[in-house]
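First the proteins, then the strands, lettered A, B, ... as listed; each starts at 1. Values below: every heavy atom of this structure, side chains too, minus hydrogens, waters and symmetry copies. Model, not experiment: these values are computed from the prediction.
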Amino acid sequence: MDQRFPPSHRLHHGRDYSRVFNRQHKAAGRHVVVLLRAREERALDARLGIMVAVKTVSTAVRRHQLKRWVREFFRTRLHEVVRGYDVVVLFRADPPPEGHQLLSDEISALANKALATKPQGQSRSRDGGRRPAPARQPTGAP
RNA sequence: GUUCGCCGCCAGACGGCCGCGUCCGGCGCAAGCCGGCCGAGGAAAGUCCGGGCUCCACAGGGCACAGUGGCUGGUAACUCCAGCCGUCUCCAGUGGCAAGGGGAUAGGGACAGUACAACAGAAAGCGAACCGCCUGCGCCGGGCAACCGGCGUCGGUAAGGGUGAAAAGGUGGGGUAAGAGCCCACCGCUCCGGCCGUGAGGCAGGAGGCAUUGCAAACCCCACUGGGAGCAAGCCCAGACCGCGACGAGGUGCUGCCCGCACCGUCCGAGCCGCGAGUAGGGUGCAUGAGUGCCAGUGUCAACGCUGGCUCCGAGAGAAAUGGCCGUCCUCGACAGGACCCGGCUUAUCGGCGGCCUUUGCAC
RNA sequence: UGGAGGUUAGUGCAGUCAGCAGCAUACGGGUCUGUGAAUCCCGCGACGUGGGUGCAAUUCCCAUACCUCCAA
């Protein structure tokens, strides 16, 4: 199985994040919130974005470490599970210092939970209602 | 003796698998793939100072404002560093000083002016008499008298008591009715000239009997320094849209004000406000520099230079790269992640290594 | 990257040219009432930390920690 993590597997622009926030499958856990949004084609690779606020984690070293943990889990396992989706992992609290495995389990559970929910729209932007909602239903997800 | 004198260095190691970023080479129409090199710190941090570099008139004058404040040196520069001076303090030492050692030190000016000094105390800043001490005078009492005691009063007096953080030079002696720099010695202070030192200052001498209280990290005065913005600075390439309405004679370049200068504009209208619309792509700046280490010579107490030779110099992203798992070992691994770049300061930090001490420090 | 401000009682705030630490509310006790609230009286409790200046520091200065806000 391909476990690489090229630039095409990442979210690069603020617009990409905004798209995920506008219409997403959401599941919140103890430490993170997982947001999913279907891409145009099912066959497209999943893309990952990670958000860690300075307020939730104060030191830069810890923020980098958390991002690396999430990336590692996405690269090895989560990538195949959420194929065809854009994923944003938003931290809401700092996990325990040695909580790498714990965090991976939490994200895995939240991703599956989010796939099972209906997409929620946030039509606060001016083009929110213009788009005819091309997102497919999550019932088709594996 | 749990961060124990001074100086310097390191920041778990090795192996395997998977993975990330720039660059180079190869392949591919392209997306990308394969291989290779390299890939965070001593603080990268806080942003407390100082520069470099850019653009704004190559940067102007004055006020305001801000900063600095012993001297000399170092440095590109500094609120940095070194040495020295003064002051305070501790140790040691002495009969007492002095010589010696450690530590702290934002340390110009208080006859330019203003403000403040609570409480206590008689008096606290155009200097003071509460208790005392003393001469004289009056009254009373005692005594033959000299005189003694008490009370009152006009004065003298800063030695003693008491208050205070601070009471007007200090100590000792002389002197006096009692006292007092009133006089004398030493110390201190002020002034004068002399010598030494680049200087801050130091040394001894002479003169003056000596009301200059403290506070300027209160305002202030003096001297010196400071133009503004910041790599999202700035430069280049490519590309899109450049419409409507209101106000409008000034606007912008420096922040508060004045002057000066430059540019744009004064109804064919700069600018600004409210909408609408569009773009937010690439390159450069972007890393070889006030560089690093060693050796030799040389200047210096030192900080730090100078000359010559050799050596090492390899992060440069653009939502943003150093990680995960497994194994072995040990002393079980701290604080912590570049974003234009340097020099300092400050703060965080499990530990380990080396050097220097005939000066054994720093604290108890 | 550049700049501004704040930290005082459990909570929200006063306290400018230094000598007292205050107000409201909350809390505890009492008063009142058949009970509770309101009222009235009493009480409890604080200057972020470390240095410096000064006789004396919440106040002035320096450093530090944390928080908030602004501009691009």
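Sequence neighbours left out, the pairs with a member in residues 90-109 of chain A that pass ring pair (Phe, Tyr, Trp, His ring centres under 6.0 Å) are A/Trp69-A/His100.
Ring orientation note: the planes of A/His9 and A/His79 are close to parallel, at an angle under 30° on the 30°/60° scale.
Comparing the same atom, C1', in B/A249 and in B/U255 gives a spacing of 25 Å after rounding to whole Å. For the C1' atoms, the distance linking C/A24 with C/A46 amounts to 15 Å, nearest Å. Comparing the P positions of B/G291 and B/C342 gives an interatomic distance of 13 Å, to the nearest angstrom. Using atom P as the reference point in both B/C356 and B/U328, the two lie 42 Å apart (nearest Å). The same atom, P, is picked in B/G67 and in B/C219; the two are 11 Å apart, to the nearest Å. For the C1' atoms, the distance from B/A168 to B/C345 is 46 Å, rounded to whole Å. Taking atom C1' on both nucleotides, B/C85 is separated from B/C196 by 15 Å, rounded to a whole Å. Taking atom P on both B/G174 and B/C148, the two are 25 Å apart, rounded to the nearest angstrom.
Side-chain N or O atoms of A/Arg63 include one that pairs as donor or acceptor with a backbone N or O of A/Ser58 at under 3.5 Å. A donor-acceptor pair is defined here as one N or O able to donate and one able to accept, closer than 3.5 Å; no such pair exists between the side chain of A/Arg39 and the backbone of A/Leu44. Side-chain atoms of A/Ser108 never come within 3.5 Å of backbone atoms of A/Ser104 as a donor-acceptor pair (strictly under, hydrogens ignored).
In B/G42 the base sits syn relative to the sugar, since the glycosidic angle is no further than 90° from 0. More than 90° away from 0 lies the glycosidic angle of B/A229, which makes this nucleotide anti.
Taking a pair to require two hydrogen-bonding distances under 3.5 Å in either a Watson-Crick or a G-U wobble arrangement, B/G234 pairs with B/U284. Summarising the base pairing, B/A207 is matched to B/U190 through a Watson-Crick or G-U wobble pair whose two defining distances lie under 3.5 Å. B/C9 is paired with B/G352 under the Watson-Crick or G-U wobble criterion, all donor-acceptor distances under 3.5 Å.
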**Request:** For each nucleotide in nucleotides 316-326 of chain B, reading 5' to 3', give B when a protein heavy atom comes within less than 4.0 Å of its base, S when such contact involves only the sugar-phosphate, and - otherwise.
**Result:** ---SSSSBSS-

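Of the listed residues (A/Arg10, A/Arg37, A/Arg47), just one forms a salt bridge (charged side-chain N to carboxylate O under 4.0 Å, His left out) with A/Asp86, and that residue is A/Arg47.
Atom-to-atom, NE2 of A/His9 to P of B/C20 comes out at 10 Å; the value is rounded to the nearest Å. Regarding A/Leu44, its CG atom lies at a distance of 14 Å from the P atom of B/G32, rounded to whole Å. If you measure from atom CZ of A/Arg4 to atom C1' of B/A31, you get 12 Å, rounded to the nearest angstrom. Between the P atom of B/C18 and the NE2 atom of A/His79 lies a distance of 18 Å, rounded to the nearest Å.
A/Arg68 and A/Gln65 share no donor-acceptor pair across their side chains, judged by distance under 3.5 Å alone.
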